[in-house]
Amino acid sequence: MKALCWYGRGDVRVERVPDPELLNPRDAIVKVTRTAICGSDLHLYDAYIPTMRKGDILGHEFMGEVVEVGSGVDNLAVGDRVVVPFPIACGGCYFCQNDLWSLCDNSNPNARLAEALFGHAPAGIFGYSHLMGGYAGGQAEYVRVPFADVGPFKVPESVSDDQVLFLTDIFPTGYQAAEVAGISGGETVAVWGCGPVGQFAIRSALMLGAERVIAIDRVPERLEMAKQGGAEVINYEEVSSRDALTALTGGRGPDVCIEAVGMEAHGMGAAGVYDRLKQELKVETGRPHALREAILACRKGGVVSVAGVFGGFIDKLPMGAAFNKGLTFKMGQTHVHRYLKPLLARIEEGAIDPSFVITHRLALDDAPAGYKMFRDKHDGCVKVVLQP
Ligand code: NAD
Ligand code: ZN
């Protein structure tokens, strides 16, 4: 089959690789009909995440048709149309049983090694380095799905692929960032980053009842999409986000600050990892530090909700300000499984059509160009969908 493989910083290639096979009774094989490039894939593309190997298959946002099921999977049949959550979860451990799917204890064979090296044992994620289990990803014609009796979610014919594809990650991710911040009605919410995750955070905050959403970015097309979604916008290249937020909130600051940028903007997120592994990859971007800004801008007693991905030892956070302002922090990988049913219901009732975020569709063969365009934010690119 064809698959998109990682070769190094800025180097991804479409190659012929062996078809995946069932390895365990609880596996299924899915023929991929749609897969997307995520901001998280850019961390791999930029070589910010260690433990990638040349030839690793990328991709964690994908859906498709079940073409083979293992003997231990009795809830799926060949021909089922499914979306697959990006975190791999066993369904039986303490964390899965407590609805904390992205913290599964059993889905990452390299968890102990990761813990020894980096101080935490992450769950398995498709196409996301050996630190996260070394699973082949879904930017391919076929993919092996472990714990297929738990993750894949059947979707009805009444909704199109484009409408449900983002249930795999970015819709639940934006929604979780808003929900765990306790948005329940009347809040003023600031969102740093108008990439795909920020776009869903904006719309989710409004769906949950926020009175105002103020979105921050510098890319005109992304700010425009945020406006379409109901946000007021700040271009951080034109004004200081923090000053603008202070002014827009009568000096008090937003009730909830959602960080949907991640480590690239800080250029230092992975520094702790790379201090040990690859000194030369330490970079400074010269851009404002979104997480620091979120902490400083947030009103006293407010919530800072971090959807952006961080790695290593991010330091120099204004901890004194956070402490003395009595802030609450929420963060983490998304518990996608938790949100599949309720967010499908939102799509079916017409509260949101997630396909609004798609700006580009490409064949799998053109994925390398898609990565470059998405990373560089050229051609109005907000979200790229690949059709193998
Ligand atoms: P993206 O890279 O397309 O979007 C990031 C946006 O932030 C860009 O539009 C960029 O212009 C903007 N930005 C950069 N610096 C900024 C600053 N200082 N202030 C305001 N905006 C700034 O990526 P995305 O797909 O939207 O993902 C965003 C983050 O969410 C990434 O770190 C990604 O890894 C993470 N993510 C987390 C989860 C999770 O489970 N928590 C899931 C998916 C993605
Ligand atoms: Zn993703």
Side-chain angles (χ1 to χ4, degrees), residues 35-46 48-49 58-62 84-87 101-103 122-123 125-128 132 137-139 165-177 180 190-202 214-223 225-226 233-237 239-242 244-245 257-267 269-270 285-294 297 305-311 314 330-336 338-339 357 359 371 373-377 380-384:
T35 172
I37 307 175
C38 179
S40 298
D41 292 324
L42 295 180
H43 307 319
L44 304 171
Y45 191 62
D46 290 332
Y48 276 25
I49 309 262
L58 293 163
H60 61 268
E61 299 181 1
F62 59 89
V84 181
F86 79 82
W101 305 88
S102 70
L103 302 173
I125 295 181
F126 290 98
Y128 216 71
M132 308 287 187
Q139 287 166 4
L165 172 61
F166 304 125
L167 286 173
T168 59
D169 181 345
I170 55 172
F171 183 15
T173 294
Y175 189 86
Q176 177 177 286
V180 299
V191 178
W192 276 257
C194 298
V197 170
Q199 298 292 343
F200 281 100
I202 292 163
I214 305 166
I216 305 153
D217 207 298
R218 74 188 160 89
V219 182
E221 294 88 350
R222 293 178 175 217
L223 289 169
M225 191 181 271
V233 299
I234 295 173
N235 183 332
Y236 73 77
E237 278 187 335
V239 292
S240 142
S241 313
R242 194 183 158 203
L245 286 168
C257 290
I258 296 177
E259 203 276 7
V261 177
M263 58 188 155
E264 267 92 346
H266 311 146
T285 63
R287 289 201 286 267
H289 187 302
L291 185 52
R292 274 183 216 153
E293 281 186 346
S305 181
V306 185
V309 162
F310 288 87
I314 178 158
K330 294 283 188 175
M331 65 187 82
Q333 300 281 6
T334 305
H335 305 299
V336 173
R338 190 196 282 177
Y339 296 103
V357 77
T359 53
Y371 265 74
M373 176 173 62
F374 179 53
R375 193 225 15 223
D376 298 341
K377 296 159 189 65
C381 181
V382 181
K383 189 75 175 177
V384 181

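In listed order, ligands and their atoms are each counted from 1. Just so it is clear, the structure is predicted and the values come from calculations on it, not from any experiment.
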In ligand 1, which numbered atoms sit nearer than 4.0 Å to a non-hydrogen atom of [X]?
X	answer
Ile216	20 (C), 21 (N)
Asp169	42 (C), 43 (C)
Gly308	29 (C), 30 (O), 32 (O), 35 (C)

Any N or O of Lys377 that comes nearer than 3.5 Å to an N or O of ligand 1?
no

Any heavy atom of Ser241 closer to ligand 1 than 4.0 angstrom?
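Not so, Ser241 does not reach ligand 1.
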
Contact between Ile170 and ligand 1, counting heavy atoms under 4.0 Å?
no

Is the distance between the ring centroids of Tyr45 and Phe374 under 6.0 Å?
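Not under 6.0 Å, so no.
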
If I take atom [atom1] from residue [X] and atom [atom2] from residue [Y], how far apart are they, to the nearest 0.5 angstrom?
X	Y	atom1	atom2	answer
Ile170	Phe200	CD1	CZ	4.5 Å
Cys257	Glu293	SG	CD	10.0 Å
Leu103	Gln333	CG	CD	8.5 Å

Rounded to the nearest 10 degrees, what's the angle OD2 of Asp169 makes with NE2 of His60 at the Zn ion (ligand 2)? Could you check?
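If I round to 10°, I get 100°.
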
Assess Asp41: does it contribute an N, O or S atom lying under 2.8 Å from the Zn ion (ligand 2)?
no

At under 4.0 Å between heavy atoms, what of His43 touches ligand 1? The answer is side chain

